[in-house]
Amino acid sequence: MHTSAVFLIEFGAIILSLGLLGRFAGRFSFSPIPLYLLAGLAFGKGGLLPLGTSEEFVAIGAEIGVVLLLLMLGLEYTASDLVTNLKTQYPAGLVDAALNALPGAVMALLLGWGPVAAVVLAGVTWISSSGVIAKVLGDLGRLGNRETPVILSILVLEDLSMAVYLPIITALLAGTGLASGSVTLAIALGAAALVLVVAVRYGRLISRFVSSDDPEKLLLVVLGLTLLVAGLAQQLQVSAAVGAFLVGIALSGEVAEGAHNLLSPLRDLFAAVFFVFFGLHTDPASMPPVLLPALALALVTAVTKIATGYWAAGRAGISTKGRWRAGGALVARGEFSIVIAGLAVTAGIEPSLGPLATAYVLILVVLGPLTARFTEPLGMRLTAVVRRRRPMATPPEAEGAPEPAGRGPGA
């Protein structure tokens, strides 16, 4: 009885603290993710108030949080939307991966962490935070801007790539051989392709089967199906998150909208618990040694994300202002960077990877809304300076060049 009371007190204190932190973040219009991570640091090993009996339950809640994050992400897109994005925007996705994954991989190798950690840190620096970016775009009133579809296309391609990337790092972290890892990847790709085909051709039938006018029954069926598929995927050594993402894609129409509305509060609760759980496993004392590498990595990848958005928006014919806005909006990292780092922390491949990822996300989840707001005016000033200096750079001999025919004084 005593243990049960302590558990309720601890877990209640965590949830209450998260609620108050969320309200504080909302009042100042910024993401609560860094506050949730800091709360985890405070409650974890080496923190101000380490947890006792509730840590195991928090770990289970964190797993559910990852599953719900990916499910909700899948519900945002239809299979036809994903196919269209793959066909039209894949060059932007390739540029995004090259510019933003490479710095993470290079940093891990420079720190002497080895190839597996390099693949993990590449994913941490590659994937932008869909949740933070969507909130920032809404807060700034940019959802109807011309550059917004470009931003969303890049985010969709990053989300899709998770269906391939997560099984790869799951196999690497498990230490499986080349043959076993290839089988795992083949299963993941086959499952993703099958779900997309089924969703395109039979999406209405699936949605009709799941559909219910009773919100309670709809919630139970969708949540039960998601957890079942996620568990089966993990049993097959495919990431549970990928299984949840594919379930979300398979549902469409009114069912997807209804499930989204019902599951949003659950997603928010367990996602917050997930961030706390990640913080619990990071000793605050281990962060100072990795602050400089994290800051350097954050600055480099902020620039590469801005370059990615600028190039992608330019390719879509967006004006210079829109290109700068697209680049600045993509800087924030968040939930998926922590998900990827969490897999590595659980596997125990590199003790310093978790603290570095925590510091990196803390920096960029705070910097992201600022770059979204101020990259355009700063970029336009930079562009104006470059244009002003361009004529000054003209060689003296070019100034006396003859004018083209038909442009003389009397023309």
Side-chain angles (χ1 to χ4, degrees), residues 26 29-33 69-70 72-97 99-100 126-162 245 248-249 252 256-257 260-261 264 267 301-337 364-383:
S29 299
F30 67 90
S31 169
I33 291 175
L69 276 171
L70 272 292
M72 299 297 282
L73 192 64
L75 291 173
E76 295 286 344
Y77 311 115
T78 65
S80 56
D81 289 339
L82 295 178
V83 172
T84 301
N85 273 292
L86 280 174
K87 288 181 179 178
T88 59
Q89 299 294 339
Y90 72 90
L94 294 175
V95 170
D96 179 36
L99 288 181
N100 297 288
W126 171 20
I127 306 298
S128 297
S129 171
S130 302
V132 174
I133 291 170
K135 186 178 187 309
V136 169
L137 291 177
D139 291 343
L140 296 177
R142 295 182 184 174
L143 293 176
N145 284 18
R146 284 195 62 205
E147 74 275 3
T148 299
V150 175
I151 297 170
L152 296 179
S153 294
I154 292 174
L155 295 177
V156 169
L157 289 169
E158 288 180 352
D159 299 337
L160 269 179
S161 67
M162 288 293 95
F245 180 63
I249 292 173
S252 60
E257 185 177 348
H260 189 282
N261 294 335
S264 289
R267 185 269 317 270
T301 54
V303 172
T304 54
K305 274 292 182 182
I306 292 172
T308 298
Y310 189 94
W311 180 85
R315 180 175 173 269
I318 307 297
S319 67
T320 304
K321 285 186 177 182
R323 296 177 196 179
W324 286 116
R325 286 195 297 266
L330 287 168
V331 168
R333 309 305 201 275
E335 57 273 20
F336 290 114
S337 297
L364 286 184
V365 83
V366 173
L367 185 63
L370 298 177
T371 59
R373 190 182 297 268
F374 297 113
T375 296
E376 178 204 336
L378 292 176
M380 293 306 294
R381 286 185 186 180
L382 177 63
T383 304

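FYI, side chains are in, hydrogens and waters are out, and symmetry mates aren't considered; it's all heavy atoms of this structure. Quick caveat: nothing in here was measured; it's all calculated off a predicted structure.
- Here the closest heavy-atom approach between residue W126 and residue A97 is recorded as NE1-CA, 3.5 Å.
- Each side chain to side chain donor-acceptor pair (under 3.5 Å) pair with one or both residues in residues 301-312, not counting sequence neighbours, appears once here: D96-K305, N100-T304, N100-T308, S128-K305, E158-K305, T301-Y360.
- Nearest heavy atom pair, residue A312 against residue I154, reads CB-CD1, 3.8 Å.
- Applying the side-chain hydrogen bond (donor to acceptor under 3.5 Å, both in side chains) rule to T320 yields no partners; only residues at least two apart in sequence or on another chain are considered.
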Indicate every side-chain donor-acceptor pair of residues 367-378 with a distance under 3.5 Å to a residue at least two apart or in another chain.
from: T371; atom 1: OG1; to: G328; atom 2: O; distance (Å): 2.9
from: T371; atom 1: OG1; to: G368; atom 2: O; distance (Å): 2.8
from: T375; atom 1: OG1; to: T371; atom 2: O; distance (Å): 2.5
from: E376; atom 1: OE1; to: R325; atom 2: NH1; distance (Å): 3.3

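- Here the straight-line distance linking atom CD of E147 with atom CZ of R323 works out to 12.0 Å at 0.5 Å rounding.
- Shortest non-hydrogen contact noted between R146 and A316 is NH2-O, 4.3 Å.
- Closest heavy-atom contact between A313 and V150: N-CG1, 3.8 Å.
- The structure places CD1 of I133 at 11.5 Å from OG1 of T148, a figure rounded to the nearest 0.5 Å.
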L94 vs L157, side chain to side chain contact (heavy atoms under 4.5 Å, CB included): CA-CA, chis, key distance, verdict: CA-CA 9 Å; L94 294 175; L157 289 169; over 6 Å; no

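- The two residues H260 and M72 make their nearest non-hydrogen contact at O-CE, 3.3 Å.
- Taking both residues in full, the closest heavy atoms of I151 and A329 are given as CD1-CB, 3.8 Å, listed atom of the first, atom of the second, then distance.
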